[in-house]
2 protein chains.
Amino acid sequence: MSATPSHRVSTGERINDHEPAGRLQHELSSRGIRLTRQRRVVLQVMESAARHMDAGEILDRAQKIDADITRVTVYRTLDLLKGFGLIDELDLLHLRGHRHYYESHGPRDHIHVACIRCGRVREIESELYEDLKKQISKDCDIEISIARTEIGGVCGDCKAKAVSSD
Amino acid sequence: MSATPSHRVSTGERINDHEPAGRLQHELSSRGIRLTRQRRVVLQVMESAARHMDAGEILDRAQKIDADITRVTVYRTLDLLKGFGLIDELDLLHLRGHRHYYESHGPRDHIHVACIRCGRVREIESELYEDLKKQISKDCDIEISIARTEIGGVCGDCKAKAVSSD
DNA sequence: ATAGATGCAAATATTTTGCCGCCAG
DNA sequence: CTGGCGGCAAAATATTTGCATCTAT
């Protein structure tokens with residue numbers, strides 16, 4: 001790792017520190033969206049997520065809290081949140097099949113950096129990334145509302161392991 | 001559009017000008033991969049693509065050239081090409097459902113900029129993007145082999161239309 | 001000749017929809 | 001109260017796999 005990283009780097013499992021508890025609930029009710037028991041549970045799962053989850057994992061976690069929740073409700077709630085731009089849908093470079101992953105994120109975009117060997121995903125924020133988006137916005141005359149960047153490669157740990165096992 | 005864009009911008013339908021004819025065939029055979037009749041057709045479709053296609057569209061085009069090609073062969077060939085990093089798999093922000101799109105690309109990465117209203121996708125290259133990747137590579141100690149960036153927003157044309165229809 | 005491809009059909013996986021009874025506001 | 005919501009079952013999509021046969025090298 002570089003001694004003076006020019007990016008804020010977060011490591012390993014996703015830690016949802018930027019998410020004030022109840023943020024999603026608040027966003028929805030302030031838009032006049034009905035808050036059902038099931039939705040509360042899915043929102044709770046999304047907010048407390050320690051990592052990116054696909055629809056099946058979200059269902060599993062939701063059912064641990066409230067066994068009655070169905071797969072269909074999860075899909076419908078995810079669609080709802082996507083529609084309001086409150087969560088992002090990622091594919092993480094299709095490293096593990098064609099699943100889609102969901103995450104609730106704070107106000108600032110982050111880049112997903114994944115190791116194609118071990119699958120670990122890190123998230124980073126970058127001033128340079130903000131500059132790039134501004135540049136694109138100007139050059140393409142577009143008002144950016146979604147930005148997604150996924151980077152894949154072999155991480156340092158995996159490179160080291162590859163060498164030591166030769 | 002800005003008078004002096006700092007990015008190379010390509011507009012509208014994808015024009016595959018960076019792809020020397022037969023590039024994919026050459027890449028495969030130089031790796032000792034068997035070139036079957038079916039694979040040649042799929043490669044031809046990928047190389048001559050005027051835009052991003054999902055698996056179904058690739059199948060349709062391939063069958064227009066050779067009616068015997070099956071869906072399964074298309075999937076298997078796409079997997080093969082992905083495995084060698086010769087094509088990219090995109091979801092274009094899931095703007096049109098959960099389809100996956102495939103594209104063969106030249107040596108340089110480009111950014112996909114999509115209008116969330118009209119769905120038009122532009123591709124741009126950017127020096128800033130190259131800088132960003134270098135920075136990430138250093139900060140995260142990773143050797144980057146895939147980079148994908150998708151940007152969404154309302155394009156100038158659609159903004160203009162929205163105003164004029166008010 | 002033969003390792004590796006294809007085709008077929010069926011299995012999986014994933015996501016969406018119609019309809020009806022139910023509940024949050 | 002009542003219009004939006006959730007559950008159920010089934011449909012629609014999308015992708016993968018086993019196996020027998022064929023073919024590029």
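We name chains A, B, ... by the order of the sequence lines, and we start the count at 1 in each one. Bear in mind the structure is a predicted one, so any value in this text is a computation, not a measurement.
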**Request:** Measure the distance from CG on D91(A) to P on dT14(C) and round it to the nearest whole Å.
**Result:** 14 Å
**Message:** Looking only at the side chain of R99(B) (C-beta and beyond, no hydrogens), which of the listed nucleotides dT15(C), dC8(D), dA14(D) gets closest?
**Reply:** dA14(D)
**Message:** Pick the closest DNA chain C nucleotide for V72(A) and for I33(A) by heavy atoms, then say which residue is nearer the 5' end.
**Reply:** V72(A)
**Asked** Quick one: does R34(B) reach the base of dA3(C) with a side-chain donor-acceptor pair under 3.5 Å?
**Response** yes
**Message:** Using OP1 and OP2 only, check whether a side-chain N or O of H100(B) sits under 4.0 Å from dT15(D).
**Reply:** yes
**Prompt:** Once you round it to whole Å, what is the distance between P of dA24(C) and CZ of R40(A)?
**Reply:** 8 Å
**Message:** Testing the 3.5 Å rule here: is there a donor-acceptor pair between the side chains of H112(B) and E103(B)?
**Reply:** yes
**Prompt:** Any side-chain N or O of Q38(A) less than 4.0 Å from the OP1 or OP2 oxygen of dG7(D)?
**Reply:** yes
**Message:** I'd like to know if R76(A) reaches the base of dG7(D) with its side chain such that a donor and an acceptor end up less than 3.5 angstrom apart.
**Reply:** yes
**Asked** For I142(A) and I136(A), which heavy atoms make the closest approach, and how far apart are they?
**Response** CG2-O, 4.2 Å
**Complete:** DNA chain D nearest-nucleotide lookup for T77(A) and K82(B): closer to the 5′ end is T77(A)
**Prompt:** How many Å lie between CG on D60(B) and P on dA14(D), as a whole number?
**Reply:** 12 Å
**Asked** Rounded to whole angstrom units, what separation is found between the CG atom of L59(A) and the C1' atom of dT14(C)?
**Response** 13 Å
**Item:** Qualifying residue for side chain to side chain contact (heavy atoms under 4.5 Å, CB included) with L81(B), from D88(B), I33(B), I87(B)
**Value:** I87(B)
**Message:** Taking the nucleotide of DNA chain C with the nearest heavy atom to each, does I69(B) or R37(A) sit closer to the 5' end?
**Reply:** I69(B)
**Prompt:** Counting only side-chain N and O atoms of Y75(A), is one of them less than 4.0 Å from OP1 or OP2 of dT16(C)?
**Reply:** no
**Message:** Students often get this wrong, so: under 4.0 angstrom with heavy atoms, is R71(B) touching a base, only sugar-phosphate, or nothing?
**Reply:** base
**Request:** Answer with yes or no after comparing the ring centroid distance for H100(B) and H100(A) against a 6.0 Å cut-off, counting only values under it.
**Result:** yes
**Item:** Nucleotide dC23(C), atom P - distance to CZ of R39(A) in whole Å
**Value:** 15 Å
**Request:** For E57(A) and dA13(C), give me the distance from atom CD to atom P, rounded to whole Å.
**Result:** 14 Å
**Request:** In whole angstrom, give the distance that lies between atom CG of D68(A) and atom C1' of dC22(C).
**Result:** 13 Å
**Side-chain ion pair, K133(A) and D109(A), N-O less than 4.0 Å** = yes
**Any T73(A) side-chain nitrogen or oxygen under 4.0 Å from OP1 or OP2 of dG7(D)** = yes
**Prompt:** Is the shortest side-chain N/O distance from T36(A) to OP1 or OP2 of dG6(D) below 4.0 Å?
**Reply:** yes
**Prompt:** Atom CZ of R31(B) and atom C1' of dG4(C): how far apart are they, to the nearest Å?
**Reply:** 18 Å
